[in-house]
Amino acid sequence: MTGAALIVSAPGPALTVQDLGRPGHAGQGLSRGGALDPLALWEAAALLGLKGPVASVEMPGMGAAFEVTAPMRLALTGAPMQATLDGQPLVWHAAHPVQPGQILRIGGTTGGTVGYLTPAGGIATPPLMGSRAAHLAAGIGTLLSDGTSLPTGDDPTPHRPACTLRPEPRFGGGSLRLLHGPQTHLFDHARMQSFLAARFTRGPRSNRQAIQLLCDAAQDWHLDAGGMASEPIQAGDVQITGDGTPFVLGPECQTIGGYPRIGSIHPEDLPRLIQADARSPLQFTLLDDAGAVPLPVPPAARLKRLAASVTPLLRDPAQMQDLLSYQLISGVTAGDDLDRP
């Protein structure tokens, strides 16, 4: 380790360190936690040439100003956000080399809900139970504050040129595949069809524990939850509360709950839900038990697919303040080369 660090200034209201979380502790009452949009961490790994996701800064809605104490590459993924390096605009869904003394400023989202900043060496805070992720509902970790210094791992190729990739499409809402769950059968055909026909948008009572879904139509899929015993629950489950409002459980949800669950969102569609803002329409499609349910993409295949879309980032000469520092002509001739025999 070289003592490299990422310095945070003037952060937004909910910045935290996140990785893929702590699976396997539900029996002890601790949900997995981790990044709201783990796909963004896989995209960062592809951009940075890593073997897998590393700890990143999660930025819901608003970013911060950042400085580095050693040369390193920083990947910008997830919801597009306004970003500049020393006042010059930066492309999102890309990895950029950053030098000490430069200031990276990240503003608000321009689409989606949550963006990520990932150092090539990962954030190297001390792990707890195998993860560096803050889990605020469980009292693990804290929000990032002004002046926070986050240690980072070494970047083996800090001067590698900037590169970009095509992000997985998920920033405008759309259809969410609903899997059958242990209580789906409690909702009769009419209630289920009404739910599937409805159009939803993200509600203001949304956080890392659950996403509220709002609908203008009459919520006639209501099911009385009185007398139901609490059961194990997990991220992606769609609970229907007493007034008929659906809540999709997030990474910091409780591990047991008593509201009826109409189903569970397919894991591959959760990033689309997470990145849907208040204007993005959402609708559910029920996957038939009789049909084959698509399996989640294996980690190695996901990384390979994302890495295949990484390309060099071509800079606009009109925005290159250091243009004159480049050798644009490799040699000088008399100009009559093509006339010579």
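Here the structure is a predicted model, which means the values were calculated and not measured.
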Practice prompt. May I ask you to check whether over 12 heavy atoms, not counting those of Asp216, lie within 6.0 Å of atom CG?
Written response: no
Item to complete: Just grab all the salt bridge (Lys or Arg N to Asp or Glu O under 4.0 Å) pairs involving residues 110-127, residues at least two apart or on different chains.
Response: none
Worksheet entry | Arg166 CZ: over 12 foreign heavy atoms closer than 6.0 Å | no
Worksheet, complete the sentence: The salt bridge (Lys or Arg N to Asp or Glu O under 4.0 Å) partners of Arg202 (sequence neighbours excluded) come to none
Practice prompt. Would you tell me whether Ser264 and Asp237 have side-chain atoms, one donor and one acceptor, within less than 3.5 Å of each other?
Written response: yes
Worksheet item: Given the side-chain rings of Phe66 and His96, with only the six-membered ring counted for Trp, is the space between their centroids under 6.0 Å?
Response: no
Practice prompt. Using a cut-off of 6.0 Å, state whether more than 12 heavy atoms not belonging to Glu268 lie near its atom CD.
Written response: yes
Practice prompt. Give, for atom CD1 of Ile211 and atom CG of Leu273, the distance between the pair rounded to the nearest 0.5 Å.
Written response: 6.0 Å
Name each donor-acceptor pair under 3.5 Å that joins a side chain in residues 38-51 to protein atoms two or more places apart or in another chain, with its distance.
| residue | atom | partner | partner atom | Å |
| --- | --- | --- | --- | --- |
| Glu43 | OE1 | Arg170 | NH2 | 3.0 |
| Glu43 | OE2 | Glu168 | N | 3.0 |
| Glu43 | OE2 | Arg170 | NH1 | 3.0 |

Worksheet item: Does a side-chain N-to-carboxylate-O contact under 4.0 Å join Asp155 and Arg73?
Response: yes
Practice prompt. Rounded to the nearest 0.5 Å, what's the gap from CG on Leu249 to CD on Gln234? Could you check?
Written response: 8.5 Å
Practice prompt. Classify the angle between the aromatic ring planes of Trp221 and Phe195 as parallel (below 30°), tilted (30 to 60°) or perpendicular (above 60°).
Written response: perpendicular
Worksheet item: What are the two closest heavy atoms between Ala65 and Arg105, and how far apart are they?
Response: CB-NH1, 3.8 Å
Discussion item. Counting only heavy atoms not in Arg177 (residues, nucleotides, ligands), do more than 12 fall under 6.0 Å from its CZ?
Written reply: yes
